[in-house]
Undergrad: 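Questions regarding the structure given below will be posed in turn.
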Protein chains: 2
Amino acid sequence: MTPGRKTPSKSKAAAAPSLADVARLANVSISTASRIVNGELGRASAETVARVRRAIEEVRYHPNHIGRSLRRRESRIVAMLIANLDNPAMAAIMASTEAALRADGYVMFLCDTHDRADLQDEYLYAMRSQGVEGYVMVTSVPSPGLKEFVEDGVPMVFVSRRNPCGPGAFVGIDNVAAGADAADHFWFQGITELAVLYPEPNSSATQERVSGFCRRLETRGVPPERIIHAAAPGLFHMQVGYDAAQGLAARTRWPRGILCVSDQIAYGAYRFTQECKIPVPAACALVSIDGSPLNAWLAPWLTSVFVPYGDFGRQIVELLISIWGDDAPSDRILPHRIESSGGPGIPSRVQEPDGA
Amino acid sequence: MTPGRKTPSKSKAAAAPSLADVARLANVSISTASRIVNGELGRASAETVARVRRAIEEVRYHPNHIGRSLRRRESRIVAMLIANLDNPAMAAIMASTEAALRADGYVMFLCDTHDRADLQDEYLYAMRSQGVEGYVMVTSVPSPGLKEFVEDGVPMVFVSRRNPCGPGAFVGIDNVAAGADAADHFWFQGITELAVLYPEPNSSATQERVSGFCRRLETRGVPPERIIHAAAPGLFHMQVGYDAAQGLAARTRWPRGILCVSDQIAYGAYRFTQECKIPVPAACALVSIDGSPLNAWLAPWLTSVFVPYGDFGRQIVELLISIWGDDAPSDRILPHRIESSGGPGIPSRVQEPDGA
DNA sequence: CTGAAAGCGCTTACAG
DNA sequence: CTGAAAGCGCTTACAG
């Protein structure tokens, strides 16, 4: 399957120099060399330090983390398990987490679970074998392995979607409030013929968004049965949005406003409205949750709840560190805000009259 | 900086069982246990094998790859260094590479270099310390570390953009041909007032696309000086496209057709055309290179050269394996094709008359 | 100020 | 069929 793996080293590549090579060249013990490599300078004469440093330069020594990890029993590696790389929101979470980890001297394994329980478990076990010290679970799914890790108290942070197998540290927005804000956005514009579009099966995030939306509308006097629910299965949210919109059209009169639980679902629904010649937002206002930067460029017709994915990374890493420190982990709920993309010539703020 | 790292293990988490634990429980030597863990069953009695397996189950043993890596001097880890995670094309390359690696039993470190030479080097050294066996360089930049790695014969594959520091195995499309196809697309529609938009500084890919475009037009009889070049600096291609389009408008008459070297540049240029009330594609046809799936949903006005990023991963991994096997690495050039996104009601194929 | 020694978890000739 | 031993590269008490 992997022919030629027998000779993994290019003939050119000499074996990497080890601490022993440095020590030999500098005429010191490996212990001393190790201390100097690790910046413990107080315990060696200036002359020795200089000699060792020269040797390090000369052989171009770089520490081998595998040896260090084995001995110290720590790897400084974190794994991110993520459901769907080609969703821009996921990419933003990935990028910010990667940057925050690097700033703290960690490196990141990336695992694409495709929202599949079997793959998720395969990765969890593979990562454990690699000595990973913490797990960032972005939109995880229930699985036996996850349950086992959670029960074993393995350090984990759940992002966007809560732990589907029990309690767990969480980073995300207040999804109930986000749904409620979307509801108010419609309400203040006098739009009360409403629908909501979401993927199936439901994650905690979806459920919270939808229920926050419906409960707020109920508070405003819009009875829940007036709000049409349309769901469609699938991982590819644009298709989900298209399919759900189509299902909606088949069942009922077209609404004046639609909440889509993600930007991509809104993109899919939009395409359907265009095929049906429904003017957006004039005849039907579309609101979604994500706030992708893309919206300003390609979707000026969309109003979206901005989720600060770029700030997630810092929070995720802080939370992980507090878990390692055996602190009681407290969820990190980040602020969201609703905003129009403001395309060419479109005023960009939502005006919120005070009071109902 | 990382408070509490002194106690990295949750009190709950018992030390992971080692091969020694298995051996003790099964009453065999560590050697024997190791062989059985590694599937070398021919050398132990069936009874011993069963006993060891029971012990493995009982202590819930999982092999520690750090120990294995140290001893075998191989890690089965590959690193991907990539310039810009929030570009959908990059995400597609990432996803397909990750999947191909997993299929072959490798895991992947992800490093976001932000197109910065210093970060690229920081990562290269960090990855080497982690014992990484191969490097996937997506849109790399020139840097001293890269030069050093290339000279040392470290296994590397360059993706999309060629090695900026000398020769190197490459996976991508034929960028010259892609540019030429875009030229023909305009030519066959009778559009010869043309401009080309690209980011600065120029990568090999950009240069090849632009020169393929211009050379083909020259062949067709359109003199090079008739083609307006507009570039803008930056990493964020949508802004680059907008800025370049703005610069174009400031300098000259608006063209009838524009080649944008990436989809995102086209999105940016599109926004500018909308602000200027220029009908697209009626008054100005936009062609780009990438072929993002998003186009069909949000950019029906765009014609794009489809690049099979989803197939890159397999090719990358095969190429890496051939390099490990000391085979002479041959570049992998994948097929592209030009296509309209085909939005609602728009016919989706480009008709290509035969002959000029 | 410095070094010898043990050991992290594993694999692998080698001997029996 | 099985095991004792060496060693991958490193760190860390401990002794001097």
Side-chain angles (χ1 to χ4, degrees), chain A residues 5-6 8-9 14-52 55-56 59-77 128-133, chain B residues 5-6 8-9 14-52 55-56 59-77 128-133:
Chain A
R5 294 291 288 82
K6 272 85 233 283
S9 55
S18 73
L19 212 39
D21 298 317
V22 172
R24 200 176 312 113
L25 188 63
N27 239 306
V28 294
S29 70
I30 294 180
S31 322
T32 299
S34 171
R35 285 186 208 108
I36 291 168
V37 163
N38 287 292
E40 208 183 310
L41 303 178
R43 299 181 48 192
S45 71
E47 202 253 334
T48 304
V49 170
R51 207 146 25 94
V52 169
I56 288 172
V59 303
R60 297 202 302 163
Y61 171 76
H62 292 269
N64 176 327
H65 267 76
I66 300 185
R68 172 179 292 176
S69 294
L70 188 58
R71 173 60 224 237
R72 284 205 185 147
R73 328 202 71 195
E74 68 167 51
S75 63
R76 296 192 82 79
I77 300 176
R128 175 168 61 186
S129 282
Q130 296 285 357
V132 159
E133 299 188 58
Chain B
R5 293 291 288 84
K6 272 85 235 280
S9 56
S18 74
L19 212 40
D21 298 317
V22 172
R24 198 175 314 114
L25 188 64
N27 238 305
V28 294
S29 71
I30 295 180
S31 322
T32 299
S34 171
R35 286 186 207 107
I36 290 168
V37 163
N38 287 293
E40 208 184 309
L41 303 176
R43 300 181 49 191
S45 71
E47 202 253 335
T48 304
V49 171
R51 208 149 23 95
V52 170
I56 288 172
V59 303
R60 297 201 304 164
Y61 171 75
H62 293 269
N64 176 327
H65 267 76
I66 299 185
R68 172 178 293 174
S69 295
L70 188 58
R71 173 62 224 234
R72 285 205 185 147
R73 329 201 70 195
E74 68 167 51
S75 63
R76 296 193 82 79
I77 300 177
R128 175 169 62 185
S129 281
Q130 296 286 354
V132 159
E133 299 188 59

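It should be emphasised that the depicted structure is a prediction, and the values quoted were computed from it without experimental measurement. We name chains A, B, ... by the order of the sequence lines, and we start the count at 1 in each one.
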Undergrad: Can you tell if the side chain of A:Ile77 reaches within under 4.5 Å of the side chain of A:His65, non-hydrogen atoms only?
TA: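 A side-chain contact is absent here, since even the closest heavy-atom pair is not under 4.5 Å.
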Undergrad: How long is the line joining CD of B:Glu133 and P of D:dC8, in whole Å?
TA: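 Going from B:Glu133 (CD) to D:dC8 (P), I get 18 Å.
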Undergrad: Name all residues meeting the side chain to side chain donor-acceptor pair (under 3.5 Å) criterion together with A:Ser31; count only those two or more places apart in sequence or in a different chain, and write none if there are none.
TA: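 With neighbours one apart ignored, the set is empty.
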Undergrad: What's the closest nucleotide to the side chain of A:Leu19 if the choices are C:dC10, D:dC8, D:dT11?
TA: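 Closest of the options to the side chain of A:Leu19: D:dT11.
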Undergrad: When the distance from CZ of B:Arg73 to P of C:dT12 is rounded to whole Å, what number comes out?
TA: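 So the two atoms are 13 Å apart, to the nearest Å.
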Undergrad: For the side chain of A:Arg72, starting at C-beta, report the closest nucleotide among C:dT12, D:dT11, D:dC10.
TA: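 So the nucleotide nearest the side chain must be D:dT11.
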Undergrad: Where do N or O atoms of nucleotides 1-3 of chain D meet protein N or O atoms at under 3.5 Å, pair by pair?
TA:
| from | atom 1 | to | atom 2 | distance (Å) |
| --- | --- | --- | --- | --- |
| D:dT2 | OP1 | B:Thr48 | OG1 | 2.6 |
| D:dT2 | OP2 | B:Ser45 | N | 2.9 |
| D:dT2 | OP2 | B:Thr48 | OG1 | 3.3 |
| D:dT2 | O4 | B:Arg43 | NH2 | 2.8 |
| D:dG3 | OP2 | B:Ser29 | N | 2.9 |
| D:dG3 | OP2 | B:Ser29 | OG | 3.3 |
| D:dG3 | OP2 | B:Thr32 | OG1 | 3.1 |
| D:dG3 | N7 | B:Arg35 | NH2 | 3.3 |
| D:dG3 | O6 | B:Arg35 | NH2 | 2.3 |

Undergrad: Could you give the CD1-to-P distance, from B:Ile36 to C:dC10, as a whole number of Å?
TA: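 Rounding to the nearest Å, CD1 of B:Ile36 and P of C:dC10 are 15 Å apart.
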Undergrad: Please tell me if the side chains of A:Asn27 and A:Arg51 come closer than 4.5 Å, counting only heavy atoms from C-beta onward.
TA: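 They are in side-chain contact.
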Undergrad: Without decimals, in angstroms, what is the distance between B:Asn64 CG and D:dC8 C1'?
TA: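 One finds 13 Å between C1' of D:dC8 and CG of B:Asn64, rounded.
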Undergrad: By the 4.0 Å heavy-atom rule, please label A:Ser34 as base, sugar-phosphate, or nothing.
TA: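 Here A:Ser34 touches the bases of the nucleic acid.
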Undergrad: What pairs of residues pass the salt bridge (Lys or Arg N to Asp or Glu O under 4.0 Å) test when at least one of them lies in residues 26-36 of chain B, not counting sequence neighbours?
TA: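 Sorted pair list comes back empty.
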Undergrad: Which dot-bracket string fits DNA chain D when only Watson-Crick or G-U wobble pairs with both atom distances under 3.5 Å count, crossing pairs get [ ], and | stands for a partner on a different strand?
TA: |||.||||||||.|||
Undergrad: Sequence neighbours left out, what passes side chain to side chain donor-acceptor pair (under 3.5 Å) with B:Thr32? Give chain and number order.
TA: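 Partners of B:Thr32 under the side chain to side chain donor-acceptor pair (under 3.5 Å) test: B:Ser29.
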Undergrad: In whole Å, what is the span from the NE2 atom of B:His65 to the C1' atom of C:dT11?
TA: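 Distance check: B:His65 NE2 to C:dT11 C1' gives 13 Å.
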Undergrad: CD1 of A:Ile66 versus P of C:dT11: gap in Å, rounded?
TA: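 Between P of C:dT11 and CD1 of A:Ile66: 14 Å.
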Undergrad: Between A:Arg71 and B:Gly67, who's closer to the 5' end of DNA chain D by nearest nucleotide?
TA: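 Nearest-nucleotide comparison on DNA chain D picks B:Gly67.
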Undergrad: Whole-Å distance between D:dC10 C1' and A:Arg68 CZ?
TA: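 In whole Å, D:dC10 C1' lies 8 Å from A:Arg68 CZ.
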Undergrad: With side chains defined as the heavy atoms from C-beta onward, is the minimum distance between A:Tyr61 and A:Leu19 less than 4.5 Å?
TA: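 The answer is yes; the side chains approach within 4.5 Å.
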Undergrad: With sequence neighbours excluded, tell me which residues meet side chain to side chain donor-acceptor pair (under 3.5 Å) with B:Arg68.
TA: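 By the side chain to side chain donor-acceptor pair (under 3.5 Å) rule, B:Arg68 matches B:Asn38.
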Undergrad: Rounding to an integer number of Å, can you tell me how far B:Arg24 CZ sits from D:dA4 P?
TA: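 In whole Å, D:dA4 P lies 13 Å from B:Arg24 CZ.
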Undergrad: What closest approach, in Å, do B:Ala44 and B:Ile36 show between heavy atoms, and which atom pair accounts for it?
TA: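 Closest heavy-atom pair between B:Ala44 and B:Ile36: CB-CD1, 4.2 Å.
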Undergrad: Do A:His62 and A:Ile56 have side chains that get closer than 4.5 Å, going by heavy atoms?
TA: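 They are not in side-chain contact.
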